[in-house]
Amino acid sequence: MFNFVANAAAVASLISVGSEAKNGGIKEGRKGAITSVAVYDIQNATGDTLLNMKSSKHNAMKQAVRDTDLLSGLYKVKGAISGFGKGVYDNIRRNLATTIFAVGTLAVKNKTAKTIGVTGMLMSIVWDFLDNGTNLFTKTDTIEK
């Protein structure tokens with residue numbers, strides 16, 4: 001019975017970490033896509049202002065190129081992919097202790113090792129709650145300074 005409960009807790013913990021990593025990846029991917037396109041647009045706008053002539057014909061050419069620009073989409077995809085990877089990496093790194101204890105709990109069959117794994121998972125989850133959920137360790141004197 002203990003093995004089943006320990007394995008279920010480890011699987012639930014890994015699902016939680018994976019879900020958080022996916023959500024963080026999606027959030028960072030969206031931000032990365034927007035940032036990449038913004039940087040690309042700023043670079044183009046800077047080039048346009050430096051090379052801008054007082055000609056309606058040249059301004060129309062630049063507008064046509066800007067409207068049909070395929071590189072903007074490629075920058076958006078590149079930013080989304082790199083942002084997604086960054087978000088997943090950051091979330092897994094933040095939950096590394098929980099992940100290691102969960103994988104260890106699933107990998108071993110010894111009851112003592114499973115107990116250590118479950119205890120480690122529990123301690124890392126409680127620490128995460130105390131650190132991030134309660135703000136007990138957050139500086140509160142930043143406003144007074």
Side-chain angles (χ1 to χ4, degrees), residues 1-52 58-145:
M1 184 65 175
F2 175 75
N3 283 339
F4 176 76
V5 171
N7 288 340
V11 168
S13 178
L14 289 175
I15 288 171
S16 172
V17 169
S19 175
E20 185 177 349
K22 176 194 69 120
N23 291 338
I26 289 171
K27 183 178 178 182
E28 287 294 321
R30 287 181 182 145
K31 191 164 58 169
I34 291 169
T35 303
S36 292
V37 171
V39 168
Y40 179 71
D41 285 344
I42 289 169
Q43 289 171 345
N44 280 345
T46 303
D48 285 353
T49 58
L50 294 175
L51 302 173
N52 202 2
H58 290 114
N59 289 336
M61 287 179 194
K62 289 179 187 177
Q63 189 62 40
V65 168
R66 188 177 292 133
D67 290 343
T68 60
D69 191 4
L70 296 176
L71 285 178
S72 178
L74 293 177
Y75 273 82
K76 187 174 186 177
V77 169
K78 180 190 81 99
I81 290 171
S82 64
F84 182 82
K86 179 186 179 301
V88 168
Y89 171 76
D90 287 346
N91 279 288
I92 288 177
R93 189 186 52 152
R94 237 179 282 139
N95 294 305
L96 190 60
T98 305
T99 304
I100 289 171
F101 282 118
V103 169
T105 301
L106 288 173
V108 297
K109 295 191 184 237
N110 185 350
K111 185 175 181 179
T112 305
K114 279 196 182 288
T115 304
I116 292 170
V118 169
T119 305
M121 277 190 307
L122 181 64
M123 286 174 40
S124 65
I125 290 168
V126 167
W127 173 255
D128 185 41
F129 174 76
L130 289 175
D131 189 29
N132 297 315
T134 63
N135 296 325
L136 286 176
F137 306 106
T138 305
K139 285 186 175 182
T140 58
D141 61 347
T142 56
I143 295 175
E144 287 88 22
K145 287 185 177 182

- Message: Suppose we screen for side-chain contact (heavy atoms from CB on, under 4.5 Å). Which residues come up paired with Lys27, at least two apart in sequence or across chains?
- Response: none
- Task: Would you give the length of the straight line joining atom OG1 of Thr98 to atom CG of Leu122, rounded to the nearest 0.5 angstrom?
- Result: 10.0 Å
Distance-only donor-acceptor pairs under 3.5 Å for side chains of residues 6-21, two or more places apart:
| from | atom 1 | to | atom 2 | distance (Å) |
| --- | --- | --- | --- | --- |
| Asn7 | OD1 | Lys114 | NZ | 2.6 |
| Asn7 | ND2 | Asn3 | O | 3.3 |
| Glu20 | OE1 | Asn95 | ND2 | 3.3 |

- Task: Taking side-chain contact (heavy atoms from CB on, under 4.5 Å) as the test, write out the residues that go with Ser82, two or more places apart.
- Result: none
- Query: Does anything in residues 91-104 pair up under salt bridge (charged side-chain N to carboxylate O under 4.0 Å, His left out), and if so which pairs, sequence neighbours excluded?
  - Reply: Asp90-Arg93
- Message: Quick check: do Thr119 and Phe101 have side-chain heavy atoms less than 4.5 Å from each other?
- Response: no
- Task: Given side chain to side chain contact (heavy atoms under 4.5 Å, CB included), test Phe84 with Glu28 step by step and report yes or no.
- Result: CA-CA 5 Å; Phe84 182 82; Glu28 287 294 321; over 6 Å; no
- Query: Do you know which two heavy atoms are closest between Thr112 and Asn110, and how far apart they sit?
  - Reply: N-OD1, 3.1 Å
- By side-chain contact (heavy atoms from CB on, under 4.5 Å), which residues pair with Val77, not counting sequence neighbours? Ile81
- Query: Under the 3.5 angstrom rule, does the side chain of Ser124 hit a backbone N or O of Met121 as a donor-acceptor pair?
  - Reply: yes
- Query: Which value, rounded to the nearest 0.5 Å, describes the distance between Ser36 atom OG and Lys78 atom NZ?
  - Reply: 4.5 Å
- Message: Rounded to the nearest 0.5 Å, what separates atom NZ in Lys86 from atom CG in Asn91?
- Response: 9.5 Å
- Around atom CZ of Phe4, are there more than 12 heavy atoms of other residues, nucleotides or ligands at under 6.0 Å? no
- Message: For Lys22, give me all partners under side-chain contact (heavy atoms from CB on, under 4.5 Å), at least two apart in sequence or on another chain.
- Response: Ile26
